[in-house]
Amino acid sequence: MGGVKGFIEGGIASIVAGCSTHPLDLIKVRMQLQGEAQGPNAAAQNLRPSLAFQTNSTPSSTVHLRQATAARIGPVATGIRIFKTEGFRALFSGVSATVLRQTLYSTTRMGIYDILKHKWTDKETNTMPLASKILAGLIAGGIGAAVGNPADVAMVRMQADGRLPLSQRRNYTSVVDALARMTKQEGVTSLWRGSSMTVNRAMLVTASQLASYDQIKETILAKGWMKDGLCTHVVASFSAGFVAAVVSNPVDVIKTRVMNMKVVPGQRPPYTGALDCAMKTVKAEGPMALYKGFIPTISRQGPFTVVLFVTLEQVRKLLKNF
C-alpha cells in the first residue's frame, strides 16, 4: 500500500491545485502566444520582431510602437480582456483537460518520485542527497509527461481557442471531444505533438519543484528557523514554485506554441519542431520572448505549488494510518 499511497496523495493534491489555479494558467498560455501571428503559416511569415527594418511608408517609430503595444499586454489586462470579451466561464476553458492532465501526469510523477525518494533515502540519517532528489525528479517528470501529453495538448488548445478568430476556433466541448477530434482529424500522433518539449519541461519542473521543496523544507527544519507546520510548508513551497518557474519558462513557451499550432493538410506547418520554433521565436521577437508570460507563470506556479504541497501534507496526515 505504501507505493500506491504516494500516487493517491499526489493525485488528490495535484487535482486540487490544478483546478484552483486554472485561470492563472490560462492567462499564462494566452500571454505566451502573444506576438505569434495566427493562421497556419503565419508563424513563419508574420511574427512581430522587437526591432525590425520597416519597408513601407509608415514611420518606423510609429510601427514599432504599435507592434510593441500589440505584442505586450500584462497578466491583469489579459485576464480583464478575456473576462470582457469571452465571459467569466472562459477563464475556466479547458478545466476538464486540466483534471485529466493532473490525473495522468501529476499523479504519475508524484507517485514515482515518492517511490524513488523512499528507496534512495538513507535509512540511518533519514536524508537524501540533493543530487538524488534532482535525479528522482527528472525520472518521475519524464515518465509522467509521456503519460499525460494528450491531455496537455488538449488543455493548451482549449485554453488558447478564445484568442482565435471565430472562423478558426476549434470549439472543443470537452477534453474527450478534443482528443476524439484530434485523433480523427490529425491522427493519433497529434496527441503526442510537442511531447519532447513536454517531457523536457516536466523533467525540469519536477526536478526543480519537488527537489527544491524537500531541500528547502529540510534546511528550514534543520536550522531551527521554523517548526514543521503550515508556515514552513508555505515558505518552502512558494520558494520551490519560483525556482520551477525560472527554470521551465523558456521550454514552456516553446511547448505552448508547438502544441497550439494549426496544421493544414498540404501546407507547411508553422514549425517543424521545438528547435525550429525556438529559433523563429528568438529571431522574430528577441531572446526575452522565451520569458513571455513569466509574471503569470510565477503568479500561477507560486500558488499552484503552495496549494499542491500544503494539500499534500494534509492528505498525508489523513492517510497516515492507512
Separation of R170 CZ from R157 CZ (nearest 0.5 Å): 4.0 Å

Under 4.5 Å between any side-chain heavy atoms of V16 and V315, yes or no? no

Quick check on the hydrophobic clustering: are V147 and V99 connected, directly or via other members, by side-chain heavy-atom contacts under 4.5 Å? no

At what distance, to the nearest 0.5 angstrom, does CG of N249 lie from CG of L204? 11.5 Å

In sequence, state the C-alpha distance, the side-chain angles, and the governing distance for E218 and K117, and then conclude on salt bridge (charged side-chain N to carboxylate O under 4.0 Å, His left out). CA-CA 14 Å; E218 288 174 11; K117 181 180 173 182; 5.8 Å; no

Taking all non-hydrogen atoms of both residues, which atom of Q102 and which atom of G18 are closest, and how far apart? NE2-CA, 4.1 Å

Distance in Å, K5 NZ paired with L319 CG, rounded so as to fall on 0.5 Å steps: 6.0 Å

Rounded to the nearest 0.5 Å, how far does CG of L308 lie from CD1 of I15? 11.5 Å

Set out, in order, the CA-CA distance, both residues' side-chain angles and the distance that settles side chain to side chain contact (heavy atoms under 4.5 Å, CB included) for F7 and D114, then state yes or no. CA-CA 8 Å; F7 287 91; D114 188 66; over 6 Å; no

Any donor-acceptor N or O pair under 3.5 Å, side chains E285, T281: no

Same cluster (ILVMFWY, side-chain, under 4.5 Å), L275 and M203: no

F304 side chain reached by Q209 side chain, heavy atoms, under 4.5 Å: yes

Quick one: does F309's side chain get under 4.5 Å of L210's, heavy atoms only? yes

What are the two closest non-hydrogen atoms of A145 and V199, and how far apart are they? CB-CA, 3.7 Å

Does any non-hydrogen side-chain atom of T121 lie less than 4.5 Å from one of N126? yes

K217 versus D228: any side-chain heavy-atom pair under 4.5 Å? yes

Checking R30 against T78: is there a side-chain donor and acceptor pair closer than 3.5 Å? no

D214 and M128: side chain to side chain contact (heavy atoms under 4.5 Å, CB included), yes or no, with the steps? CA-CA 9 Å; D214 283 341; M128 181 179 175; over 6 Å; no

Same cluster or not: are I112 and Y105 linked, directly or through other Ile, Leu, Val, Met, Phe, Trp or Tyr residues, by side-chain heavy atoms under 4.5 angstrom apart? no

Between CH2 on residue W192 and OG1 on residue T198, distance to nearest 0.5 Å: 11.5 Å

Does S106 form a side chain to side chain contact (heavy atoms under 4.5 Å, CB included) with R109? I'd like the steps, not just the answer. CA-CA 5 Å; S106 288; R109 71 173 185 133; 3.6 Å; yes

Passes side chain to side chain contact (heavy atoms under 4.5 Å, CB included), M155 versus V175? Steps please. CA-CA 7 Å; M155 183 185 72; V175 64; over 6 Å; no

Hydrophobic clusters here meaning ILVMFWY residues chained together by side-chain heavy-atom distances under 4.5 Å, can you tell me if I139 and V205 are in one? no

Going hydrophobic residue to hydrophobic residue with side-chain gaps under 4.5 angstrom, can you get from M288 over to V246? yes

From NZ (K133) to CG (L138), nearest 0.5 Å: 14.5 Å

Counting only heavy atoms not in F242 (residues, nucleotides, ligands), do more than 12 fall under 6.0 Å from its CZ? no

Would you call the rings of F88 and F92 parallel, tilted or perpendicular, where under 30° means parallel and over 60° means perpendicular? tilted

Indicate the atoms forming the closest heavy-atom contact of S237 with V306, along with that distance. OG-CA, 3.2 Å

Would you name the heavy atoms of H22 and T98 that are closest together and state the gap between them? ND1-OG1, 2.7 Å

I need the minimum non-hydrogen distance between L179 and L100, along with the two atoms involved. CD1-CD2, 4.0 Å

If you define the side chain from C-beta out and look only at heavy atoms, does anything of V234 sit under 4.5 Å from C231? no

Going by heavy atoms in the side chains, are S190 and V153 under 4.5 Å from each other? no

Below 4.5 Å, heavy atoms only, C-beta onward: do W120 and L135 meet side chain to side chain? yes

Indicate the atoms forming the closest heavy-atom contact of T206 with G141, along with that distance. OG1-CA, 3.4 Å

Identify the residue among L312, V4, T107 that makes a side chain to side chain contact (heavy atoms under 4.5 Å, CB included) with E9. L312

